Amino acid sequence: MTKSDAASATARGGVLHSGPAGALATTFRSHLAGSLREADAGQPVRLAGWVHRSRDLGGLVFLDLRDRAGIVQVSFNPEWTSAEAIALATTLGAETVVLIEGMVAARPEAMRNADLATGGVEVRATSLTVVGPADIPAIPVARKAGESLPAEELRLRHRHLDLRRPELQANLVLRHCLMQVTRRHLSDHGFLEIETPVLTKPTPEGARDYLVPSRVHPGEFYALPQSPQLYKQLLMVAGLDRYFQIARCFRDEDLRADRQPEFTQIDIEASFVSRDDVVALAESLIAALWREGGVAMPDAIDRMTWAEAMERFGIDRPDTRFGLEIFDASALFRGATEFGITRGALDGGGRVRGIRVPNGAGMSRKQVDEVEAIAKSAGAMGLLRSRYASGAFDGPAGKHLPADAATRLGAEEGDLFVFVAGPDHVSSPALDRVRQELGRRLGLIADGMTNFLWVMDFPMFDRDPATGALAAVHHPFTAPHPDDLHLLESEPHRVRAQAYDLVLNGTELGGGSIRISNPALQGRIFALLGIDEVTAHNRFGFLLEGLQAGAPPHGGIAFGFDRIAMLLSGAPSLRDVIAFPKTTAARALFEGAPAPVPTADLSDLHLRVEGVTE
């Protein structure tokens, strides 16, 4: 989706445009500058905004006036403008805030600007008032076609100027519209918007908590919520039946382009629902959001089990827009007892897995070496490779393939085969990265193509590689699959969770699960995770108390709202759809946060700083 698509989507919602009697008219303005059209020709107007650009043609002055609705050309001409106003117009610098009175006029056909929505008109100024003088801007708001943006750190440092860019404003208007669609859709489906605490109890949810010291309770701390997980379950226990919240969440973790320390999620929970009920509701909401973004949705979304996703794609959020699926080649190499790489992997309980790359034999050795480097960066020892040409496989791997390998592999002339030998926890991430890199290099993803996918039946537990202890794959309140309850104590690694994720083009949009509503079952899960009764009471006592009061079956889902806004706006990162984001070092460059706190303030909180060097 392009920026212009986003702007038109928001305009359809009536957010950008307002007539003379519209809600956006004030004492200072009758219209928004960017809302003027040819139908307004002949109307007197009062406009207020920022000088985007100005041009002094010696007696004639033109300036582009910008407000949140867009840009309109304003002309200063002795035929309709006083000499004093023209003289003042010649002095205006970029980003000066001005008030203008004048008349809307249609522009001659040859002078229309097809690049502007207001390009068929201009405002002939009769008066000009400066209300906000401006210094020379630290970063430019107006840019020439093809001119690159300033460095991101500089833009974040001067975010008040960066946010004046029309494309960022279009992103934030789209974000607003998506929020309103979410509220309307869920309200229409009987959900109640309920706020949950921001100052809450520290509970382990997979990332570090942001802690807030209590002034009135020395040595005790609140935590900022990683999610409203426990509270939304308690709302179900309380009988409120259907809850949602556009919730602020906080996680103290390493950042990247699509992750922020504070973020927004669409949080949903409902009682007396099955997995299919939650999935159906989620699909209807996503369809409504995608319609608002001007992007078509498929009639149905495919489903895939976690085990199938890992086997075919090596990742639990696969990009299914292209093939290059992973296959198990172990049987082909079992007889290759002299090939140490594959023999060692197979003898150690691992496998040999590979990808067939149609017409990949045309890739140069250097290109394949670069792909191998990707595999190594993901943990593989290397990448075994073999081209199929003239009815034979080349390379060391090809020499050890059996005589019928071409038939068994479905090999065709010009194919390239790449293999990784080792345990699945090595081959899966390596081949996933290889697959993505090959898809990019070979241009296998059509522009504008979108593939949604539900990934279901995640494992309930995995094991800590250092200690071997069981850990919850999602969180300890996820319900196990009812068919696997008998495996909990005997074979916990085989237990499936009633968990589900919605994936778009390899990006996780959201995930959820059916929750544990039986306190006895919750106790069994805690025991398997090594959480004794005392610890469980200390950490989650208020939830357990609720479950013991009679809890309905319930479940829900949460969507990353920032990520949805990013995808629908076509923005390259979350920082382009958040008004005041943090850097990947978790710093707010505009505000200068985090910052040192005076010793007296720390003392009030019963804290002191130790071991910090300047």
Side-chain angles (χ1 to χ4, degrees), residues 306-316 318 323-439 459 462-468 491 493-494:
W306 175 89
E308 183 183 359
M310 295 301 294
E311 186 66 16
R312 292 170 56 189
F313 302 99
I315 193 170
D316 59 10
L324 301 184
E325 294 188 15
I326 300 167
F327 62 89
D328 187 347
S330 301
L332 292 171
F333 287 96
R334 290 199 187 281
T337 56
E338 296 181 1
F339 195 26
I341 297 174
T342 58
R343 187 187 69 239
L346 296 171
D347 289 348
R351 295 192 288 170
V352 181
R353 301 166 72 198
I355 294 174
R356 170 178 169 260
V357 187
N359 302 313
M363 295 178 68
S364 68
R365 181 184 181 89
K366 179 177 181 294
Q367 289 173 322
V368 181
D369 286 345
E370 290 170 349
V371 173
E372 180 174 27
I374 296 288
K376 289 181 176 179
S377 71
M381 295 295 293
L383 198 61
L384 305 176
R385 58 185 86 170
S386 181
R387 291 176 170 84
Y388 185 73
S390 303
F393 293 95
D394 71 0
K399 293 177 182 178
H400 292 281
L401 289 169
D404 63 346
T407 300
R408 293 163 69 179
L409 289 171
E412 296 183 4
E413 181 71 17
D415 284 351
L416 169 69
F417 290 84
V418 293
F419 305 94
V420 172
D424 286 3
H425 72 263
V426 171
S427 61
S428 285
L431 288 170
D432 161 56
R433 292 284 304 280
V434 166
R435 177 178 177 270
Q436 292 185 51
E437 180 67 14
L438 288 169
D462 58 17
R463 290 196 179 273
D464 186 306
T467 66
E491 298 180 272
H493 60 281
R494 291 181 54 196

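None of these values were measured; they are calculated from a predicted model. For the single chain, residues carry numbers from 1 onward in sequence order.
- The 12-atom threshold is exceeded at CD of Glu491, counting heavy atoms of other residues, nucleotides or ligands nearer than 6.0 Å.
- Contact record, Ser427 with Arg353: OG-NH1, 3.1 Å, taken as the closest heavy-atom pair.
- The environment of Arg408 atom CZ is dense: over 12 non-hydrogen atoms of other residues, nucleotides or ligands sit within 6.0 angstrom.
- Here CZ of Phe419 is found 12.5 Å from CD1 of Ile326. Values are rounded to the nearest 0.5 Å.
- Taken to the nearest 0.5 Å, the CG atom of Asp328 stands 11.0 Å off from the CZ atom of Phe333.
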**Prompt:** Given the rule in the side-chain contact (heavy atoms from CB on, under 4.5 Å) test, do Glu370 and Glu437 qualify, once you have shown the distances and angles that lead to the verdict?
**Reply:** CA-CA 9 Å; Glu370 290 170 349; Glu437 180 67 14; over 6 Å; no

**Request:** Could you go through the side-chain contact (heavy atoms from CB on, under 4.5 Å) check for Phe313 and Glu325 one step at a time?
**Result:** CA-CA 6 Å; Phe313 302 99; Glu325 294 188 15; 3.7 Å; yes

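- No side-chain heavy atom of Pro318 sits less than 4.5 Å from a side-chain heavy atom of Arg312.
- Residues Ala430 and Ala378 share a closest heavy-atom pair of CA-CB, 3.7 Å.
- Aromatic ring orientation, Tyr388 versus Phe393: tilted (interplanar angle from 30° to 60°).
- Arg463 places a side-chain N or O within donor-acceptor distance of the main-chain N or O of Gly468, the cut-off being under 3.5 Å.
- We find the CZ-CD1 distance between Arg435 and Ile355 to be 7.5 Å, quoted to the nearest 0.5 Å.
- Atom CG of residue Asp347 and atom CZ of residue Arg334 lie 9.5 Å apart, to the nearest 0.5 angstrom.
- The CG atom of Asp415 lies 11.5 Å from the CZ atom of Arg387; values are rounded to the nearest 0.5 Å.
- Classification of the Phe339-His400 ring pair by plane angle, with boundaries at 30° and 60°, yields parallel.
- In this structure, Val434 and Ala375 approach most closely via the heavy-atom pair CG2-CB, 3.6 Å.
- Contact annotation: the side chain of Leu416 approaches that of Met363 to within less than 4.5 Å [non-hydrogen atoms, C-beta and beyond].
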**side-chain contact (heavy atoms from CB on, under 4.5 Å) evaluation trace for Leu332 with Val352** = CA-CA 9 Å; Leu332 292 171; Val352 181; over 6 Å; no

**Request:** I would like to know whether Arg351 and Glu311 meet salt bridge (Lys or Arg N to Asp or Glu O under 4.0 Å); could you show each step before the answer?
**Result:** CA-CA 12 Å; Arg351 295 192 288 170; Glu311 186 66 16; 2.8 Å; yes

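- In this structure the side chain of Ser330 never reaches within 4.5 angstrom of the side chain of Thr342, judged on heavy atoms.
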**Prompt:** Yes or no on side-chain contact (heavy atoms from CB on, under 4.5 Å) for Val418 and Val371, after CA distance, side-chain angles and deciding distance?
**Reply:** CA-CA 10 Å; Val418 293; Val371 173; 5.9 Å; no

**Request:** Go through the steps to decide whether Lys376 and Asp369 satisfy the test salt bridge (Lys or Arg N to Asp or Glu O under 4.0 Å), and finish with yes or no.
**Result:** CA-CA 10 Å; Lys376 289 181 176 179; Asp369 286 345; over 6 Å; no

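- Of all non-hydrogen atoms in Ala411 and Arg356, the two that sit nearest each other are CA-NE, 4.5 Å.
- For the atom pair Leu431 CG and Ile374 CD1, the distance stands at 13.0 Å (nearest 0.5 Å).
- The shortest distance between side-chain heavy atoms of Val420 and Leu383 falls below 4.5 Å.
- At a threshold of 4.5 Å between non-hydrogen side-chain atoms, the residues Glu372 and Val368 do not count as touching.
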